[in-house]
Amino acid sequence: QVQLVESGGGLVQPGGSLRLSCVASGFTFSSYDMAWYRQPPGKERELVAAITKGGGRTHYVDAVKGRFTIARDNAKSTLHLQMNSLRPKATALYYCRAAEYYTDFLYAVPGGYWGQGTQVTVSE
């Protein structure tokens with residue numbers, strides 16, 4: 001059975017850092033492009049960052065560029081999101097997603113696999 005399990009969320013003060021992880025199972029992780037999404041309270045889910053199958057190319061939305069880093073470890077079937085200089089607007093449920101095509105992330109194509117999310121709260 002396909003599973004994506006996120007972890008690493010929590011409460012952090014503005015300016016702090018968190019590292020999220022997503023452990024995949026039930027499919028060939030290295031054959032899928034991966035991405036992180038987030039959904040703030042009362043708002044729509046949005047793409048945060050994406051990474052290609054081998055990790056050679058990445059994409060970040062402007063809001064997190066220079067502060068967040070997406071990475072993957074195909075040997076461990078794990079996706080990571082390092083979040084630095086966190087701001088209150090980063091407060092959201094963070095999800096990982098697997099998709100067959102990189103463009104599925106960039107152009108909001110439905111489908112693929114989703115995790116259940118991990119909560120990140122940035123507050124004093």
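When reading the values below, keep in mind they use all heavy atoms of this one structure, side chains included, and skip hydrogens, waters and symmetry mates. Predicted model, so just to flag it, every value in this text is computed and none were measured.
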> What distance do Asp33 atom CG and Leu79 atom CG have between them, rounded to the nearest 0.5 Å?
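Asp33 CG to Leu79 CG: 11.0 Å, rounded to 0.5 Å.
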> By salt bridge (Lys or Arg N to Asp or Glu O under 4.0 Å), which residues pair with Lys65, not counting sequence neighbours?
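Salt bridge (Lys or Arg N to Asp or Glu O under 4.0 Å) list for Lys65, sorted by chain: Asp62.
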> Can you tell me which residue pairs pass the ring-ring contact (aromatic ring centres under 6.0 Å, His included) test with a partner in residues 52-73, sequence neighbours excluded?
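Not a single pair qualifies under ring-ring contact (aromatic ring centres under 6.0 Å, His included).
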> Which residue pairs pass the salt bridge (charged side-chain N to carboxylate O under 4.0 Å, His left out) test when at least one of the two sits in residues 69-83, sequence neighbours left out?
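Counting only pairs at least two positions apart or across chains, no salt bridge (charged side-chain N to carboxylate O under 4.0 Å, His left out) contact touches residues 69-83.
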> Give a yes or no answer on whether the side chain of Thr52 reaches the backbone of Arg57 with a donor-acceptor pair at less than 3.5 Å.
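Answer holds: yes.
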> Only distances under 3.5 Å count here; give the side-chain donor-acceptor pairs of residues 106-116 to other protein atoms, sequence neighbours excluded, each with its distance to 0.1 Å.
none

> Which pair of non-hydrogen atoms, one from Ala90 and one from Val122, has the smallest distance, and what is that distance?
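Closest pair (atom of Ala90, atom of Val122, distance): CB-CG2, 4.2 Å.
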> So which pairs with a foot in residues 91-120 pass salt bridge (charged side-chain N to carboxylate O under 4.0 Å, His left out), sequence neighbours left out?
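For residues 91-120, and leaving out neighbouring residues, there are no salt bridge (charged side-chain N to carboxylate O under 4.0 Å, His left out) pairs at all.
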> Same cluster for Val120 and Val61 if Ile/Leu/Val/Met/Phe/Trp/Tyr side chains link at under 4.5 Å?
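Yes, one cluster joins them.
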> How many angstroms lie between OG in Ser123 and CG in Leu86, if you round to the nearest 0.5 Å?
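That separation rounds to 12.0 Å.
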> Are Tyr37 and Met34 co-members of a hydrophobic cluster defined by side-chain heavy atoms under 4.5 Å apart?
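Shared cluster, no.
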> Does any N or O in the side chain of Glu6 come within less than 3.5 Å of the main-chain N or O of Cys96, such that one atom is a donor and the other an acceptor?
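Side chain of Glu6 to backbone of Cys96: a pair is present.
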> Give every residue pair that meets the disulfide (SG to SG under 2.5 Å) criterion with at least one member in residues 44-75, sequence neighbours excluded.
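Disulfide (SG to SG under 2.5 Å) check on residues 44-75 returns no pairs.
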> To the nearest 0.5 angstrom, please state how far the CG atom of Leu47 sits from the OH atom of Tyr95.
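It comes to 14.5 Å.
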> Taking only residues at least two apart or on different chains, which pairs with a member in residues 34-81 satisfy disulfide (SG to SG under 2.5 Å)?
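Every candidate disulfide (SG to SG under 2.5 Å) pair involving residues 34-81 fails, so no pair, neighbours aside, qualifies.
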> Residues two or more places apart in sequence or in another chain: which of them pass side chain to side chain donor-acceptor pair (under 3.5 Å) with Thr121?
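Counting only residues at least two positions away or on another chain, Thr121 forms a side chain to side chain donor-acceptor pair (under 3.5 Å) with Gln119.
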> Tyr94 versus Met83: any side-chain heavy-atom pair under 4.5 Å?
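Yes, their side chains come closer than 4.5 Å.
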> According to side chain to side chain donor-acceptor pair (under 3.5 Å), who are the partners of Glu46, at least two apart in sequence or on a separate chain?
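Glu46 satisfies side chain to side chain donor-acceptor pair (under 3.5 Å) with Arg38 only.
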> Suppose we screen for side-chain contact (heavy atoms from CB on, under 4.5 Å). Which residues come up paired with Arg87, at least two apart in sequence or across chains?
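Arg87: side-chain contact (heavy atoms from CB on, under 4.5 Å) contacts with Arg67.
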> Atom CG in Leu4, atom OG in Ser77: separation rounded to 0.5 Å?
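Here the rounded value is 10.0 Å.
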> Output side-chain donor-acceptor pairs under 3.5 Å for residues 14-32, partner residues at least two apart or in another chain, one line each.
{"from": "Ser17", "atom 1": "OG", "to": "Asn84", "atom 2": "OD1", "distance (Å)": "2.9"}
{"from": "Arg19", "atom 1": "NH2", "to": "His80", "atom 2": "ND1", "distance (Å)": "3.4"}
{"from": "Ser21", "atom 1": "OG", "to": "His80", "atom 2": "ND1", "distance (Å)": "3.1"}

